[in-house]
Asker: 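Please read through the structure below; I'll follow up with questions.
Positions are given from 1, in the same order as the sequence printed here. What you are looking at is a predicted structure, and each value in this text was computed from that prediction instead of being measured.
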Amino acid sequence: MVAFETETKNALMVERSVPVAVLPEQETPGGSLFLSNLDQADFFIPSVYSFDRSEANTVDVIKQALSKVLVHYYPLAGRLTRNSEGKLAVDCQKKLGVPFVEASANCDIVNLGDKRLLDSNVLQKLVYRDFPEDMREVAPLLTAQVTKFRCGGFTLGIAINHCMVDASSGMNFMNSWAEIARGRPLSLVPCHDRTIMKSRVPPQITDASGNFVHVSDVSNLTALYEEEQIVWKSFHFDSEKLATLKNMATTDGQAMAIFTCDHTLRWFGQAMRGCRQVASLAAGRGDHGLALCRNGLA
């Protein structure tokens, strides 16, 4: 598989403003939000949304809509903490808000090339992440950056902590943000209660399970990370390539049970950055595929 690079005629230069903390427009619940074992994925997912034109008040509309949508998605304005069991939770009492950045670029938006395949250097300039990600008590759970281009187009770049959303609930949040920006009511009200995924106290183990048996690192991945430099690349799996992969996974005319999802590939790449080979692909329900829908922000 060939890695695609974003081609620009000139190096993209972006000038950023000082981040402004956007808080929920109204008072929101405090306390601590429980995160299940499935929610302990403490890393950021960057995304960029592009628009060919803008109005004079575009930035203000987006910022005001963010303040309004945070009333419904108030945990995103909090910060991570650890509970008495050492598990990650959200401190909703620490309402430090969402860093919001205004920026301007030195080119037209068309110069970004194929925006589905942004080079990592370009992505870093369109998504604000200049904060200590390893300091959970101060690191935001969401950031937003609006970058205006000379042609009048703009991009909205966000970085969101995977503890808070997965693919499905992340898009629910973005759709809610967009609905409020258009002056419409929320079509889907989020539920933040994830305690349905909480284990019983004390745990009631009724059967032996080998799911958590320690497996030795026969692939020697640790050594691979130490020996080889990690290189960021973008891979585009179009319908033709997906069909090829499905054919490769077919034995005796019988297709294997697989599912396709660009987010699955992204998550796999996050966990296996240094690997040059995809050991297995989950594919098979169309180009959009299946996403794990986690309780909370869904």
Asker: I'd like to know if the side chain of His162 and the backbone of Gln40 have a donor-acceptor N/O pair within less than 3.5 Å.
Answerer: no
Asker: Which distance, rounded to the nearest 0.5 Å, do you find between the CE of Met164 and the OG of Ser169?
Answerer: 9.0 Å
Asker: Is the side chain of Asn247 donor-acceptor paired with the backbone N or O of Thr244 at a distance under 3.5 Å, no angle test?
Answerer: no
Asker: Could you tell me whether the side chains of Gln145 and Arg16 share a donor-acceptor contact shorter than 3.5 Å?
Answerer: yes
Asker: Do Lys198 and Asn37 pair up side chain to side chain, a donor and an acceptor below 3.5 Å, judged on atom types alone?
Answerer: no
Asker: Between atom CG of Leu35 and atom CG of Asn161, what is the distance when rounded to the nearest 0.5 Å?
Answerer: 9.0 Å
Asker: Look up atom CG in Leu126 and atom CG in Asn121, then write down how far apart they are to the nearest 0.5 Å.
Answerer: 11.0 Å
Asker: State the CH2-NZ distance between Trp177 and Lys68, to the nearest 0.5 angstrom.
Answerer: 14.5 Å
Asker: Return yes if some donor-acceptor pair links the side-chain N/O of Asn83 with the main-chain N/O of Gly86 below 3.5 Å, else return no.
Answerer: yes
Asker: Here's a test for you: under side-chain contact (heavy atoms from CB on, under 4.5 Å), which of Val165, Leu186, Leu188, Val189 qualifies with Asn172?
Answerer: Leu188
Asker: So, the side chain of Asn106 versus the backbone of Met13: is there a donor-acceptor pair under 3.5 Å, distance only?
Answerer: yes
Asker: Quick check against the 3.5 Å criterion: does Ser67 have a side-chain atom that pairs as donor or acceptor with the backbone of Glu25?
Answerer: yes
Asker: Would you mind telling me which of Ile109, Ile62, Thr147 makes a side-chain contact (heavy atoms from CB on, under 4.5 Å) with Phe154?
Answerer: Ile62
Asker: Give the C-alpha distance, both sets of side-chain angles, the deciding distance and a yes or no for side-chain contact (heavy atoms from CB on, under 4.5 Å) between Phe44 and Ile160.
Answerer: CA-CA 5 Å; Phe44 285 83; Ile160 192 165; 5.7 Å; no
Asker: Say you draw a straight line from SG of Cys163 to CD1 of Ile45; how long is it, rounded to the nearest 0.5 Å?
Answerer: 10.0 Å
Asker: Quick one: are Leu245 and Phe237 in side-chain contact, heavy atoms under 4.5 Å?
Answerer: yes
Asker: Can you find a side-chain donor-acceptor pair between Gln26 and Thr28 that sits under 3.5 Å?
Answerer: no
Asker: Does a side chain donor of either Ser176 or Tyr73 reach within less than 3.5 Å of an acceptor in the other side chain?
Answerer: yes
Asker: For Leu76 and Leu70: C-alpha separation, side-chain torsions, deciding distance, then whether side-chain contact (heavy atoms from CB on, under 4.5 Å) applies.
Answerer: CA-CA 7 Å; Leu76 290 173; Leu70 286 177; 4.0 Å; yes
Asker: Okay, side chain of Tyr49, backbone of Phe51: is any donor-acceptor separation there less than 3.5 Å?
Answerer: no
Asker: For a salt bridge (charged side-chain N to carboxylate O under 4.0 Å, His left out) check, start with the C-alpha distance between Lys95 and Glu27, then their side-chain angles and the critical distance, and finish with the verdict.
Answerer: CA-CA 10 Å; Lys95 302 170 184 178; Glu27 187 65 24; 3.1 Å; yes
Asker: Arg79 side chain to Val138 main-chain N or O, any donor-acceptor pair under 3.5 Å?
Answerer: yes
Asker: Atom NZ in Lys148, atom OG in Ser104: separation rounded to 0.5 Å?
Answerer: 10.0 Å
Asker: Does Thr58 use its side chain to pair, donor to acceptor, with the backbone of Ser54 at less than 3.5 Å?
Answerer: no
Asker: Look only at the side chain of Thr155 and the backbone of Gly157, and say whether a donor-acceptor pair between them is shorter than 3.5 Å.
Answerer: no
Asker: Hey, do the aromatic rings of Tyr74 and His192 have their centres closer than 6.0 Å?
Answerer: yes
Asker: With side-chain contact (heavy atoms from CB on, under 4.5 Å) as the test, would you mind laying out the steps for Leu112 and Phe149 before giving the verdict?
Answerer: CA-CA 10 Å; Leu112 293 179; Phe149 291 78; 3.7 Å; yes
Asker: Is there a donor-acceptor pair under 3.5 Å between the side chain of Gln93 and the backbone N or O of Gly31?
Answerer: yes
